[in-house]
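Lettering follows sequence order; numbering is per chain, from 1. The shown structure was predicted, so the numbers you read here are calculated from the model rather than taken from an experiment.
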Amino acid sequence: MTLALAVDFGLALLVLAVAGWTIAVRDTFAAVIGFVAYGLLLALIWVRLAAPDVALTEAAIGSGLTGLLLLGAAARLRAIETPATAPGTALRWVAGGLCVLVAAGLAALVLWLPDPAPTLAPMAVAHLPATGLGNPVTGVLVAYRAIDTLLEAVVLLPALIGVWSLASDRCWGGAPILRYPRQDGALTLLAQVLPPFGIILGIYLCWNGADEPGGAFQGGAVLAAMWALILLAGLADAPPVSRRWLRVLLVAGSAVFLAVGLAGIWIAEAFLAYPAGYAKPLILIIEVVLTLSVAVALGLLIAGPPAEDPT
Amino acid sequence: MMPEPSILLVLALVLPVAGLLLALVAGGRHAGRIALLLTPVGLAVAAAIAVGVVRADEALVYHLGGWAPPLGVALRADGLSAILLLTTAAIIGATGWFARAEFRPAPGQVEGRASLAFWTLLLALWGALNLVFLGNDLFTLFVALELLTFSAVPLVCLDGRAGTIEAALRYLLFALFGSVLYLLGVVLLYGAYGTLDIGLLSDLIQREPIALAAAALMTVGLLAKTALFPLHLWLPPAHAGAPAAASAVLSALVVKASLFLIVRLWFDVMPELMNPTAAQVLGALGAAAILFGGVLALRQARLKMLIAYSTVAQIGYLFLVFPLITRPESVPLAAADLGAELVAISVSTSAWSGGVLQAVSHAFAKAAMFLAAGLIAQRLGHDRIADLGGIGRALPITVLAFGLAGMSLMGLPPSGGFAAKWLLLMATIETGQWWWSLVILGGGLLTGGYLFRVLAPVLAGASEPVTLHAPVARYRELVVLALALCSVLLGFVRLGAFDLVQIGRLTTAGMGLP
């Protein structure tokens, strides 16, 4: 057995163990920590599968932001949580059996897939020079399949409005509150030390996305996590949701993307096409603004509905 | 340079999305104004697309970014897409006008919670629906489903009561379950064939386990979103709990979007895989929905719940199209036997046209009914069916509209619903599947029964004087009447639309062939 194979084998076992622990553990907080660790391990697996872009996304969004959301939910539930009444043995066996069945079915389907898998990757690389980009994944995201990325950025808006719509009418226009109820020295220290590094990492991921793994969503997610950390520690307050500048920041990414796309009808050959020679600078502008908008939207999604009476 | 007509497809997509961005920034009173200004433009664009499809006599296709599939993504509008785009724009526009009075910020208030959420979500919903009807790439269609889910679910709980939030949460869970299954199928198809473009995929796809598994996963996921029996549990509380304007859009349009994708999947992506057994199963679920939804609608005490169960039943009719297009035992047809081939084609066209007509006429009728129920609830302060007496005198136009829409649901001539059910009945006879005609007729009787339960007390008048609440603006009643009239008048235009629904879907013409 080669060393690489041994590492992979160990990683797979570890993921299974952490997954099992996350399900088995009774304390909600412990389960959330298990979930975060599970996400980070999955990210390592993606790295081993030579998919660094997926790994970054899994770490930033799947593990980081989702972990923060779950932590917030666990903190809110703690007040009303009663000792869980364990489901009956029969129900647990049925649920377990179904899970095994689904996992086995998926495994069978994956084994059924043709080998080597048909792929568009060579074609994506071959057309990359036309976009001036170095990372084919970014080529797929902002050139070949730009419509999907544009609309995924737009999806964040109804999702956020949905969260906001849960506010009470009295608090509409006010600010969300995401402050950890107890003043905690360790949390404050973390919120003072980590963000400078996190912000640099976020900017790096966005800037680097054109040629190396990274991009607007990963960079935005890291920035959002840093913002949420600062809010949690109470070092800053979230802005009221009625602020015009906040709304502008929220839509700026999609709006710039859409505007460049529409301009493409006249200055290039089609909607969402880039004019020859200007592709890379235009894509960089889109990525920068999109990173900001994604960061603001994700941060506000974590912060929750407005909870402060604006008057 | 004269632009290609296919640029209209981009416009149909960009218009609502740009409106959403603008409405969110402008906020306050402007959000509603932006939405109302855009709807007539959107309707004109949809009409222009329909004209373009008819003129070209084939589907309009636009390659986004100039990248041709499989690398790029194409938008495509055939006759069916054009009809559904038009229906969507008309119903969103009418609902918007209806909702104008309801969702404006309170006097002295700059911006209201429900008001901003309603208008921005309505625009997002419209954009999502247009993308569902135009997308020609399975992943882009997933993005459309996401946009649809996240704009539809919050509309359910705009009133902020605990009960509607619970209904919205259940809707969200069903919808996300559906999304996951759909995405899983998409992943399998890409893994097996290396493309997600519907046209290219249909050339590559073969009858093999992986394709069948993908089709099964995607179909079940989409059925959960369409609320086909027995996955309908989320629908009645969600559609009945939402504000009337939201209910109208959810019941008329949103459930049809996922159904449209099932149709795309079976008839466009994998026509060769269309299995008579699977078609019979879908038909049987549809039949169960018609009967079960009808019986439960009969037992409801509240008007909005009754209308919501009626949606469960009416969705069932749409699934009868699957067995009626693919015959249970495919009759072998010699290529030289021209007469037999013509029969096969006419078989598929009447079931197909009937299905499309049912979808569109139900959309108009159901929008009218939910809006009418909203006005009745506003005037009476409740929507208990037993105490509706006297409302006919207070809101005659609304009651007339409700009755006309009900006529279409029952399938009484000359309504659109009649023409639809007539075409479906013809198809049962042509394909020799008489058992489905029993379901269609039984469903019609049940529909008549539950509508009679509503109309009888309404027309009988009140035994004691009714206390009336807030008066209703006349123009809102007229909007409801216009929607109901559209549903009835569809019975007359069906011959003209007959050709349009066939454009761009050559595969369906051959569905009856082995």
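- Of the listed residues L156(A), L151(A), V155(A), D148(A), the one with more heavy-atom pairs under 4.5 angstrom with chain B than any other is D148(A).
- Counting heavy-atom pairs closer than 4.5 Å to chain B, the top residue among D169(A), V163(A), L272(A), L262(A) is D169(A).
- Between E111(B) and R247(A), at least one side-chain N (NZ, or NE/NH1/NH2) sits under 4.0 Å from a carboxylate O, which counts as a salt bridge.
- For the set G112(B), G27(B), A117(B), the count of heavy-atom pairs under 4.5 angstrom toward chain A peaks at G112(B).
- Residue L166(A) holds its CG atom at 9.5 Å from CG of L158(B), rounded to the nearest 0.5 Å.
- With a 4.5 Å cut-off on non-hydrogen atoms, L131(B) touches chain A through its side chain but not through its backbone.
- Residues L113(A) and G191(B) come closest through the heavy atom pair CD2-C, 3.7 Å.
- Chain A forms the most heavy-atom pairs under 4.5 Å with one residue out of L13(B), I165(B), L75(B), L116(B), and that residue is L116(B).
- W67(B) is listed as a side-chain neighbour of H127(A), based on a closest heavy-atom distance under 4.5 Å.
- The most heavy-atom pairs under 4.5 Å with chain B, out of G162(A), S165(A), A252(A), come from S165(A).
- Top candidate by heavy-atom pairs under 4.5 Å with chain B, chosen from P158(A), G105(A), A108(A), G261(A), is P158(A).
- Neither the backbone nor the side chain of L125(B) comes within contact range of chain A; no heavy atom of the residue lies under 4.5 Å from a heavy atom of that chain.
- For V10(B), the part lying near chain A is the side chain, with the backbone staying farther off; criterion is any non-hydrogen pair under 4.5 Å.
- Remark: the backbone N or O of P118(A) is not paired with any side-chain donor or acceptor of Y190(B) at under 3.5 angstrom.
- The environment of Q109(B) atom CD is dense: over 12 non-hydrogen atoms of other residues, nucleotides or ligands sit within 6.0 angstrom.
- Highest contact tally toward chain A, considering only L188(B), V14(B), V17(B), is held by V14(B) [criterion: heavy-atom pairs under 4.5 Å].
- Side-chain contact between S242(A) and V110(B) is absent, with no heavy-atom pair separated by less than 4.5 Å.
- The minimum heavy-atom distance between Y62(B) and F271(A), with the atom names listed, is OH-N, 2.8 Å.
- Ranking G135(B), P70(B), G72(B), S151(B) against chain A, the residue ahead of the rest is P70(B), based on heavy-atom pairs under 4.5 Å.
- By number of non-hydrogen pairs under 4.5 angstrom with chain B, the leading residue of A143(A), G173(A), A146(A), A117(A) is A143(A).
- Only the backbone of A26(B) comes within contact range of chain A, with heavy atoms under 4.5 Å apart.
- Heavy atoms of A192(B) lying under 4.5 Å from chain A belong to its backbone as well as its side chain.
- From L196(B), atom CG reaches atom CG of L120(A) across 8.0 Å, with rounding to the nearest 0.5 Å.
- Looking at L155(B), neither its backbone nor its side chain comes within 4.5 Å of chain A, counting heavy atoms on both sides.
- When each of I147(A), V241(A), L106(A), V140(A) is checked for heavy-atom pairs under 4.5 Å with chain B, I147(A) comes out on top.
- Of the residues L71(B), L64(B), V143(B), D137(B), the one that meets the side chain to side chain contact (heavy atoms under 4.5 Å, CB included) test with R145(A) is D137(B).
- Contacts of T149(A) with chain B are absent, with no heavy-atom separation under 4.5 Å from either backbone or side chain.
- Atom CG of residue L157(A) and atom CG of residue L147(B) lie 9.5 Å apart, to the nearest 0.5 angstrom.
- Of all heavy-atom pairs between I210(B) and L109(A), the closest is CD1-O, 3.2 Å.
- Taking both residues in full, the closest heavy atoms of A270(A) and H63(B) are given as CB-O, 4.0 Å, listed atom of the first, atom of the second, then distance.
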